[in-house]
Amino acid sequence: MIDNTLIFPVIVHLFTAIVLLFFWRKTVAQRIISIAGSLIAMLLAVRLFTMVWNDGIRTMQAAGWDAPFGITFVADVFSSMMVLLTAFSGVAVSTYSATGVARGRMLYGYFPIFHLLLMGLNGAFLTGDIFNLYVWFEVIIIASFVFMTLGGRKAQIEGAVKYMAMNILASTFFLTGIAILYGITGTLNMADLSLKIGALENRKLVDITAIFFIIGFGIKSAVFPLYFWLPSSYHTPPSAVAAVFGGLLTKVGIYALFRMFTLIFIPDDFLTTLLVVLAIFTIITGTFGAVIKNNIRRVFSYLIVCHIGFMVGGLGMYSEIALTGALLYLFHDIMVKTNIFLIAGLIRKLRGTMNMDKLGGLYKEYPLLSLVIALVLFSLVGVPPLSGFWPKIYLFEAGFIDAQYALLAAIIVGSFATLYVIAKLWAKVFWKDQPELPDGESLRDEFKPLNRFRKSLLVAPIVFLAAITLYIGLAAENITAVAQHIAHEMKDVSPYIEAVLGPNVSP
Amino acid sequence: MVKQFLMNLLLAFTWVALTGVLSYSNFLFGFAIGFFLLWVMNRNESDHRYFTRVPKIIGFFLYFLYEMIRANVQVAYDLITPKFFMQPGIVKYPMNAKSDFEINLLSTVISLTPGTLILDVSEDRKVLYIHVMYLKDKDQFIQQIKDGFERRLLEIIR
Amino acid sequence: MLFAILAGFIVSLLYIPFGRFLKGRLAVLASLLPIGLFTYFAAFIPDIQDGASIAFHQPWVPSLGINFDFQLDGLSLLFSLLITGIGSLVFLYAAAYLKGHPYLDRFYAYLSLFMAAMLGVVLADNVLLLFIFWELTSISSFFLIGFNNDNADSRKSALVALGVTGGGGFLLMAGLILMGHLSGSYSIQEMIATNEYLKGHALYGLILLLVFVGAFTKSAQFPFHFWLPGAMKAPTPISAYLHSATMVKAGVYLLARLYPVLGGTDYWTYPLIIIGGITMLYGAFHSIFRTDLKGILAYSTISALGILVFLIGIGTPQSLLAAAVFILVHALYKAALFLTTGVIDHETGTRDVTQLSGLRKVLFPLAIAGLLAALSSAGLPFTFGFIGKDLVYEATLHTDGILPLVLTGLAVVTNIFLLYAGLLAGLKPFAGRLPERYSAIHLPHALMWAPPLLLAILGIAFGAFPALADASLLNPAATAMINEAIDSPLKIWHGFNTVLLLSGITLALGVALYLARKPSAHGLAWIERFNPLSPKHLIASLTRAVHRFAIRYTRTLHNGFLRVYLLRIIIFAVLLLAFRLFSGGAIRLIPDQLSPVGIYEIAVVGILVAAIYLAVTSTSRLTAVVATSVIGYGMCLLFVFYSAPDLAMTQFTIDTLTVVLFVLVLFRLPSFLNLANRGTRIRDWLVASAFGAVIALIGIQVLNQPIDDTISKFYGDNAYVLAKGKNVVNVILVDFRGFDTMFEIVVLSIAAIGVFSLLKLRLKASEKE
Amino acid sequence: MISILIGLLCTIGAVAILIAAIGILRMPDFYLRLSVTVKAATLGGGLLLLSAAFYFPEEVSVTTKALAIIFFLTLTAPVAAHLIGRTAYFIGTEKWKGTVRDDLAGMYDKDTHQLSSGDATEGDSVSHPSS
Amino acid sequence: MTLSTYIDYVILPILGVALVLVFIRIFKGPTVVDRVIALDLLITIGVGVITVYSISTQKSTFIDVAMILALIAFLGTIAFSYYLEKRGRK
Amino acid sequence: MELLLVILIGILYAAGIFMLLRRSMVKLLIGLTLLGNGANLLIFLLGGITKGKPPVIDSAAKLFTDIYADPIPQALILTAIVISFGLQAFAIVLLKRVYVLINSDDLDDLNTPEEEDI
Amino acid sequence: MLPILLLFSLFILLRGHYYPGGGFVGGLIAAIAFVLHSFTNGTDDTLKLLRVHPSAFIPVGLGIAALSMFAPMLVGQPVMTGLWFNEPFPVIGLIGSALFFDIGVYIVVVGVVLTILFTISQYSE
Ligand code: NA
Ligand code: NA
């Protein structure tokens with residue numbers, strides 16, 4: 001069946017970016033086009049998701065070449081869900097950016113890069129070809145390099161150098177993995193790879209190949225001991241950018257890990273142990289980092305690391321329950337992490353700093369807004385019944401089933417640390433009165449002078465994402481059903497393979 | 001003069017079309033025939049230069065080839081024998097060539113000949129600075145270039 | 001029933017838009033909610049008394065087995081009535097207490113939220129649902145303790161409370177999930193059905209550990225008790241409500257609720273007896289040294305909670321009945337004392353018990369309330385406290401072995417201290433001479449003295465006429481715990497027996513102590529000398545140590561040096577790869593079908609290797625660039641030799657462009673400095689060589705693997721026939737795999753935009769983000 | 001027959017290139033190396049290309065390309081040599097001790113790198129540049 | 001002996017040796033300009049190698065590669081001289 | 001030849017890694033280039049190498065009449081080369097900015113203390 | 001020099017489907033032609049010659065490539081499917097969407113390379 005629908009989320013962003021490039025120096029037009037493009041992308045993503053949810057996996061054989069000869073695009077529930085969440089984040093960030101990002105940045109390609117980045121993410125989620133995935137990853141990383149350096153402040157450049165070096169190294173690992181994969185199977189189509197790798201006698205080579213992907217994607221998703229770039233860089237770019245990074249970039253690494261390690265490399269004992277151990281250290285490392293930092297975004301950066309461990313741990317346990325938990329966490333995390341960086345940006349707008357010691361009095365001044373933020377923060381912590389709570393049920397249960405007590409303990413420690421850190425943040429930033437600033441520093445409230453419309457452009461995205469988070473939490477049955485469905489598909493990949501290669505292929 | 005050249009080309013292409021053999025040798029052959037025909041048919045004094053210049057170009061080319069091989073052999077001999085007997089130096093060479101085209105062509109030719117290399121042209125475009133490998137005598141070298149490349153070149157161009 | 005529980009949430013949300021209307025006189029209206037709920041639950045008393053239990057079911061997250069499953073039985077009802085009843089009084093009291101407070105609406109919102117959460121805890125039949133509400137009580141408590149959020153102490157106390165209860169919460173969650181996993185359901189009713197399996201399971205101990213820690217943190221058991229005195233930073237009505245009467249009893253409730261599931265084994269009994277025992281003694285002992293009224297009450301609350309845990313630990317029918325009674329007794333008198341204290345604080349501005357006396361002359365109704373509550377807490381005959389204490393002794397005496405002696409002794413000592421504390425809090429401020437400075441005090445609004453008085457009177461009433469609460473409430477509550485009927489009605493008078501003797505001793509010694517010992521700052525100072533040994537300080541210093549370690553860990557790992565990060569990544573990769581490469585099976589060397597080698601190929605490879613060496617070792621940047629481009633050109637030749645003209649072209653052009661770029665950027669940079677010492681270089685060489693060797697070995701392994709050429713055959717066969725091109729590589733690039741190319745040029749475009757912006761964009765100082 | 005011609009052309013070309021290679025390796029200073037390599041390599045490369053032109057007689061495009069490359073090489077090689085030679089002189093690349101003459105010395109303006117013809121000052125100096 | 005073997009066993013080795021010799025100059029330097037001209041020569045030899053290789057394999061396709069090399073090779077040299085001179089000028 | 005190439009690839013990777021571990025950003029970039037070359041060559045080698053048979057159909061034919069080199073690795077490498085050029089170009093410019101900012105390319109100087117966060 | 005190289009680059013572009021070459025290499029050669037021009041005449045001159053800033057080529061090229069990629073969608077074919085004119089054209093051979101795609105690539109590459117190089121060279125001047 002010819003079905004171009006599933007590539008629409010990619011096309012929309014591509015054309016939005018091209019149109020934006022034609023309006024290179026017209027910032028008003030750029031804002032309008034960007035928000036419009038994001039909204040259209042969201043509608044298309046919703047449509048794609050409902051189609052896939054109702055009718056099953058959809059594929060598109062690019063250029064009309066049947067798999068495995070051409071590049072196949074596949075929308076299963078997992079990828080269309082990721083596209084959907086990306087679209088939500090996209091709408092929020094693009095709206096936020098309209099006021100939240102300096103005009104100078106808009107004049108130098110902020111919005112086109114933003115849409116190309118989103119395009120890259122959607123492409124990565126939808127592709128069914130391993131080398132094409134590499135291309136998407138490169139789109140994502142070059143866009144993120146540009147995003148990270150846009151503006152060229154010293155801190156940004158410093159962060160960017162480290163970010164760049166480690167991400168290019170990750171790409172090299174990825175590429176090396178592809179080289180070996182092609183060398184042992186002669187194919188690049190992921191469904192085909194699933195069959196061929198499954199049939200391969202030489203498990204040692206399979207494991208070795210898998211290691212390259214673990215390291216490549218592990219760097220991208222900031223897994224211990226490969227995470228160093230993240231705390232080095234995420235506190236430097238504008239918050240809108242950090243929101244995309246925090247919400248989506250590490251997650252695309254997680255997505256790829258999940259895809260690779262459920263479809264192509266079925267984890268054996270070696271890989272499971274490896275993933276679980278990495279997860280434990282990741283959580284602990286993130287925990288330690290988060291509790292000692294004083295800058296909001298640095299805290300959030302380490303929390304990202306910490307929570308990545310939850311998801312990797314879920315993958316490592318590799319039971320349907322564990323995968324469900326990890327996926328639930330992933331969905332929740334995308335929404336919340338995007339939002340908390342937007343919130344950090346808003347705080348910065350309100351006070352001119354993100355140093356918790358220099359902040360205070362927000363609850364007194366903006367009680368309602370503070371409550372919305374509190375909702376998001378407590379979702380992050382996983383206060384029941386908010387969104388972060390549900391995945392833990394699955395993860396805990398999976399941990400007991402697998403007797404992964406160390407991982408369980410780590411998750412508990414990580415959750416506890418998140419709670420502690422967020423409560424501390426709340427107390428310092430919202431409860432505490434605004435402290436006296438040291439000499440020479442003054443409060444800069446860039447929010448107050450804005451008119452109502454521009455204020456709402458900053459606040460609406462936060463409320464929007466908070467509403468989604470709230471929905472995820474309160475209507476947990478829906479999202480749970482999605483996660484369970486995906487987890488089931490991960491354990492039984494034959495529908496995926498049949499959708500791609502046709503019904504006559506027997507695994 | 002351009003007219004004759006174009007005419008000659010046209011004749012060469014016609015020849016190729018007629019014979020139906022699309023190859024360089026055939027084209028060159030056609031060009032030669034065309035040249036001959038045009039030369040025979042030429043009755044106009046002012047266009048006469050075309051027919052003297054073509055042989056001169058060929059002559060210059062042969063001279064250049066000879067110089068190149070001679071110098072190459074000289075350098076090669078020096079290289080493969082253990083001891084160097086060269087005497088390098090940088091010589092200031094006052095040109096007769098004036099236009100950019102002339103200067104470029106001259107310096108290309110000089111540079112392409114082994115043993116000599118243009119290092120720079122002075123800002124007022126009067127002087128070439130030439131690096132020479134076998135510099136026995138400055139004036140003799142200058143004279144050699146003047147009588148050799150530069151004269152022949154200018155004859156063709158002017 | 002769902003609505004009854006959700007009402008609190010809904011109301012608290014309504015405070016956001018409508019709260020400001022409630023700040024003035026209308027504040028009293030806030031108490032309509034708890035009063036209404038109290039009435040609602042009170043209506044169930046007859047049914048429950050008849051042994052019925054009311055269930056409610058509403059699907060929520062069926063795939064997780066988490067639904068709105070509620071069950072109203074004796075235990076739930078007892079707690080529900082406590083929550084709504086004392087809630088009603090506290091709501092009313094607060095209307096006067098916090099009159100004119102700018103954030104009164106917030107206060108009621110939090111309080112309603114809390115009340116709803118607490119009702120959820122006690123009514124839930126599903127452990128995860130219970131846990132959800134449990135955590136909500138922690139959160140609302142966090143907001144309530146930190147209600148005076150401009151005060152640093154308040155914030156700190158709120159953080160500590162949340163830290164302890166939240167941390168315990170996560171463990172509890174693990175325990176509950178483990179229980180649910182083992183019994184196959186999260187429903188408590190169904191768990192009771194499988195309780196034998198649970199108790200016999202290897203993980204039973206772990207379940208108990210996790211559940212106990214959860215309950216202990218919430219109910220302030222030693223050594224997690226220290227957050228509770230800190231929580232007294234909250235406004236007094238909150239202390240009365242959350243931190244004495246209701247929330248802190250959630251842990252006790254949980255233990256009581258799970259008794260039929262997990263209780264009755266040695267693993268259950270001994271830890272609870274030991275921890276409960278320590279807590280009750282520790283709390284009671286500490287309470288007598290406090291001079292702050294709220295401090296006294298806080299420690300005596302800890303002690304009371306200890307007693308409850310202790311009783312549930314003993315787990316005999318008597319002890320459970322005793323627990324049910326004591327829950328009610330304690331709630332009544334402790335709330336009364338707190339509310340009294342609140343008025344004293346409100347009117348005199350101090351809670352220092354050494355400063356207070358004679359207030360009966362100005363606050364007479366409160367003096368009555370205080371006196372009655374103190375009497376009840378002292379367990380004088382004809383008070384409800386008397387019945388409670390009797391039952392405790394009864395329970396301790398009826399245990400097995402040598403325990404009765406020890407336990408009873410423990411209980412007696414505890415009760416002596418508690419009696420002293422009760423008198424100190426309820427009697428001392430009102431007794432004696434009224435100091436001059438307090439003579440101008442007027443009796444506050446009735447809303448502030450009526451509630452404590454009512455509570456205190458109830459305490460006496462239930463004591464004088466135990467039947468009032470027995471069959472209707474307490475017996476069903478105990479029945480629910482023990483899962484069988486208890487046939488021993490509460491009596492005022494058991495005759496002359498050991499219990500009465502013990503009561504007498506307790507009373508005599510307690511009163512003697514009260515008369516002999518005056519509270520003083522000196523005593524407080526003495527007990528505070530032991531602070532460094534207290535759990536609070538031990539845990540605080542543990543926290544500091546962890547914090548220090550976290551700093552060191554993070555600084556060491558994330559030290560700012562890119563090369564160190566990269567080194568670690570590579571070492572990690574090498575170790576993993578080498579481990580898998582060398583484990584299991586030897587490495588085979590290349591098969592027979594190798595292609596021959598020409599001299600020129602060797603020359604090219606040799607040059608490549610030498611160029612790599614040059615690039616690595618050169619001290620001039622430009623030389624390094626030259627060497628790098630030689631590598632590129634060498635690759636280009638290799639591509640030519642091995643049939644890849646397109647690649648060769650591209651490699652060459654790209655390489656040349658890269659050189660140009662490098663030269664453009666580098667020409668002003670000075671030459672390299674040798675920044676690494678010999679050791680570092682050797683180490684790096686070792687790591688790098690190991691990595692290279694591993695890659696090469698893997699390459700050899702892969703070469704052994706036969707290549708499947710189906711796809712490349714397909715391309716070769718169809719490139720011209722179907723895709724109309726003869727250069728198959730190009731056909732792949734623009735057709736078969738055109739998507740790659742499309743987005744590869746997107747990569748280039750982004751890079752160009754990036755370069756442009758990076759070099760041109762200079763933000764103004766005002767453009768922060 | 002034609003293959004013998006091709007073989008011959010190839011051989012001469014290869015030898016010319018070899019000589020250039022020996023030259024660049026053996027010559028004692030930069031200018032001499034430059035001088036040697038440009039020509040020999042151009043000659044060698046040209047001859048090799050010519051032999052390819054002969055080898056694929058039926059493919060006109062190959063001949064065209066071969067000739068185009070030869071043309072291009074002859075055109076660009078001297079220019080490149082001129083540029084790099086001049087640059088080398090600027091940055092003070094040392095000359096061989098056997099160098100007998102340097103008319104360029106002192107002719108460059110140090111700041112603008114403008115080269116005078118020396119006619120005004122008649123700078124026929126033999127001295128080495130001060131840099 | 002066919003032309004192909006002659007090229008494989010005589011011409012290409014000669015060119016290979018030439019490549020090595022030139023590379024030694026790149027290696028030795030001593031100055032950047034030495035390396036640059038050696039690089040230039042290296043590419044010219046590369047053009048030769050590719051040309052004879054295309055004769056040897058009878059694939060005229062490779063001539064295209066040689067052409068690209070010849071066309072672009074001097075860009076690097078020019079860039080070097082342009083900027084080295086600029087650096088000298090400060 | 002495969003063995004020779006495998007060794008070369010190993011050396012490329014090793015050298016690339018060694019250069020990544022230096023303090024100079026220029027060396028870092030060269031290291032990334034070397035790694036990229038190594039990876040490309042690895043794809044090339046592992047895809048199977050064939051001498052002198054480019055995957056171009058003869059002008060007279062419609063199909064291959066002879067064996068030919070696998071075109072897929074070539075297409076992949078081509079894409080990879082182009083992409084890494086994009087990254088490389090950006091990285092080089094980043095190097096320029098670094099140099100302008102800190103007047104050296106010493107990566108150890110890229111550590112603004114945390115106290116200067118905004 | 002510039003026109004020769006440009007012509008050559010177009011040649012490489014158009015024949016890419018049959019022989020080595022194509023939009024990518026062609027674009028690089030064209031870009032290099034302009035770079036050489038800028039070396040001899042200065043960047044400003046070259047920019048004048050181009051009339052628009054090279055960065056403007058990027059969206060144009062991307063647009064062409066993207067349109068030729070997505071055009072098949074309009075006729076109900078999968079994205080990227082080759083659409084072809086039936087009759088071959090002289091020199092170029094068959095013309096199809098692949099060629100337009102390659103032209104897009106060519107333009108993008110020219111734009112990208114020139115943007116990068118000119119931005120840097122102007123920056124350092
Ligand atoms: Na000699
Ligand atoms: Na191509």
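Each chain gets a letter, A, B and so on, in the order the sequences are listed, and its residues count up from 1.
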task = Starting from the C-alpha separation in whole Å, work towards a yes-or-no answer on side-chain contact (heavy atoms from CB on, under 4.5 Å) for B/Ile90 and D/Tyr89.
result = CA-CA 11 Å; B/Ile90 299 172; D/Tyr89 197 88; 3.7 Å; yes
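In this structure, chain D has a heavy atom under 4.5 Å from the side chain of B/Val75, while its backbone stays farther away. Contact annotation for D/Thr42: only side-chain heavy atoms (C-beta onward) come within less than 4.5 Å of a heavy atom of chain B. Only the side chain of D/Leu67 comes within contact range of chain B, with at least one heavy atom under 4.5 Å from a heavy atom of that chain. Proximity to chain B (any heavy atom under 4.5 Å) is shown, for D/Thr64, by both the backbone and the side chain.
Comparing D/Pro28, D/Ala81, D/Ala77 by how many heavy-atom pairs each has under 4.5 Å with chain B, the most go to D/Pro28. When each of B/Ile110, B/Asn72, B/Leu128, B/Val132 is scored by its heavy-atom pairs under 4.5 Å with chain D, the top score falls to B/Asn72. Of the listed residues (B/Leu117, B/Asn104, B/Leu119, B/Thr116), the greatest number of heavy-atom pairs within a distance under 4.5 Å of chain D belongs to B/Leu119.
Both tests pass for D/Arg26 against the ring of B/Phe84: distance under 6.0 Å to the centre and angle within 45° of the axis.
Separating the CD1 atom in D/Ile24 from the CG atom in B/Leu79 is a distance of 11.0 Å, to the nearest 0.5 Å. In this structure, D/Leu73 CG and B/Leu112 CG are separated by 10.0 Å, a value rounded to the nearest 0.5 Å.
Annotation for B/Ala76 and D/Ile19: closest pair CB-CD1, 3.3 Å, computed over non-hydrogen atoms. The two atoms that bring D/His82 and B/Val121 nearest to each other are CE1-N, 4.2 Å, heavy atoms only.
Within 6.0 Å of CZ on B/Phe31 lie more than 12 heavy atoms contributed by other residues, nucleotides or ligands. Counted within 6.0 Å of CZ on D/Phe71, heavy atoms from surrounding residues, nucleotides or ligands total 12 or fewer; the atom is thus considered open.
D/Tyr31 places none of its side-chain heavy atoms less than 4.5 Å from the side chain of B/Pro88.
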